[in-house]
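What follows is a short report on a single structure.
Remember, it's 1-based here, ligands and their atoms both numbered in the order they're listed. Basis for what follows: all heavy atoms, side chains included, without hydrogens, waters or symmetry-related copies.
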Amino acid sequence: MQNNSSSNWWKHGVVYHIYPQSFKDSNHDGIGDIPGIITQLDYIADLGVDAIWLSPIYPSPMVDAGYDIANHRGIDAQYGTMNDFQRLLNEAHRRGLRVIMDLVLNHTSDQHPWFIASKSSVNNPKRDWYIWQPPKKGKQPNNWITNFGKKAWRYDPNTKEYYFHSFFWEQPDLNWRNPEVKKAMFDIIHFWLEAGVDGFRLDIINLLFKDRQFKNNKIGFFVKKPEIYNRNQPEVYPLLKEFRTLLDSYPEKTSVGEIYTPPPGRTTLAVSFLGNGVDMLHLVFDFSLIFTIWNAAAYYKTINRYYRKLPEMGWPCFFLSNHDIGRSIKRLGRWTWHKYAKAKLHAVLLLTLKGTPFIYYGDEIGMENIKIPKKYIQDLYGKIFYPFFRGRDRARTPMQWNSGRYAGFSTQRPWLPVSKDYSTINVEAEQKDYASILNLYKRLLLLRKKHTALHKGNITFLTKGKNNLLIYTRTDEQEKIFILLNFSNRKKKAQIGAIGSAAVVLLSTHHRIKLSEEGVIMLQAFEGLVIKTTLLQ
Ligand code: GLC
């Protein structure tokens, strides 16, 4: 049996998250596809990342943008064929890029043959593959609700029972208490590992098991507590150990879990899926940073809590944006006219913290959330909740490659409108501008590669964010690197002690030439600064 502990690329590398619908269209239908991604692999490799994660590309009726899978062993025709996918794997690997697939274990599409069989009769062998319950006093089996607050049971008049769905009713939840479900899913994981994928992002992994007795969730006087019995059950942990064993039977595979749950206890729950750090998932997404206000002390608290809660052998990971919660540039506080300066500071943070960074496509050029006009809304959440919530399309818009028609994404009208800022916010323009966000990302990614302290080193915080300044060091046997982040819109004086004459500026988000030897540094508003000092000892 091979073990994947030798390379640990997933600890030290950077992952680029691609939303396949929106990356690059090659067949002129306005929808991104796999051959389109292949044409952009040079761009991705040139950015300096180490892996790509693709949101689901399996055959799907697309009720939830592919998170409703109808066949786990294929590729949706809108994205291409299995051959295209094999070509993507080969072309990515040839450039030193790994490929991570999305794995949705909690539910399938209602169009999946498993569910069609399950629904056909109470005696069907697949009946128990999903969560069916008889009505209780003529009503829903219990008070569980979906992730967006609606009733989570759907009645099937044919078999006169209800089935459970954590998301849309077109996404029935699987019954993980049935060993056949596990066997079928593990076979699928095996199938993709054999095909050569390098790892998986596990969708809402904390939802897999539900209370065996289907107990009602407690409804408080003021607040509903919807999350007690329909998620976070202990049976998921031994399952993940088996999953890890399967992954470790192949060299150099990885996994990252999405654990989405409202506060409190978010971080504690998230890191619990790492087990002892080497026996469950490799990485977990903790959403806490996403909900942290723009303030150095608040950031320190959130980041430090994640570090403190990690199991001893666990490894952190960070992200700022994704296809559900939107783009970080929109969360950057009051001074929106400083948004690009703040986005750059954010990039310095993401790429210099200890932990694996995940970059959401388009963040590297400063793409924004856009307000989608009603008639173009695609996300079912947006259709259901409009005008209170326009859904998640805002951060799923086409990648902006150049200032040409449809931002170079497609020759046809794209499935979602292109952001209006594309004539300036696009790859081609930013490649030519040294001061662009894109070039900052590239410089940071190159620095991370060059300096082992930045991807392997320890982290020590020199401030807790007081005065809106966050200062930390990354250290290994070779060097000590200081990172200074000014979250404030004013100049700030930072004191880091004598740094010696050999100290050099590795990178600044601003124009900076020199440092004072005494270690007193005047930081510009929203400046991010990376300094290297001489050998330790
Ligand atoms: C995850 C996905 C999201 C999807 C949901 C249901 O949260 O990121 O896009 O709607 O799971 O699969």
Residue pairs involving residues 54-76 (criterion salt bridge (charged side-chain N to carboxylate O under 4.0 Å, His left out); sequence neighbours excluded): D64-R392
Looking just at side-chain N and O atoms, do Y79 and Q21 make a donor-acceptor pair shorter than 3.5 Å?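 Yes - a donor-acceptor pair under 3.5 Å links their side chains.
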May I have a table of the N/O to N/O pairs between ligand 1 and the protein that fall below 3.5 Å, each row giving the two atom names and the distance to 0.1 Å?
from, atom 1, to, atom 2, distance (Å)
ligand 1, 7 (O), E258, OE1, 3.1
ligand 1, 7 (O), E258, OE2, 2.9
ligand 1, 7 (O), D324, OD2, 3.4
ligand 1, 8 (O), R201, NH2, 3.0
ligand 1, 8 (O), H323, NE2, 2.8
ligand 1, 8 (O), D324, OD2, 2.5
ligand 1, 9 (O), H323, NE2, 3.1
ligand 1, 9 (O), D324, OD1, 2.7
ligand 1, 9 (O), D324, OD2, 3.4
ligand 1, 9 (O), R392, NH1, 3.3
ligand 1, 10 (O), D64, OD1, 3.2
ligand 1, 10 (O), D64, OD2, 2.5
ligand 1, 10 (O), R392, NH1, 3.0
ligand 1, 11 (O), D203, OD1, 2.9
ligand 1, 11 (O), D203, OD2, 3.0
ligand 1, 12 (O), H107, NE2, 3.0
ligand 1, 12 (O), D203, OD2, 2.8

D363 bridged to R327 by N-O distance under 4.0 Å: yes
Sorted by chain and residue number, the ring pair (Phe, Tyr, Trp, His ring centres under 6.0 Å) partners of F358 (sequence neighbours excluded) come out as F285
List for me each residue that meets ring pair (Phe, Tyr, Trp, His ring centres under 6.0 Å) alongside W114, sequence neighbours excluded, and say none if there are none. H72, H112, W129
Just checking, K182 and F186: is the charged tip under 6.0 Å from the six-membered ring centre and within 45° of the axis? yes
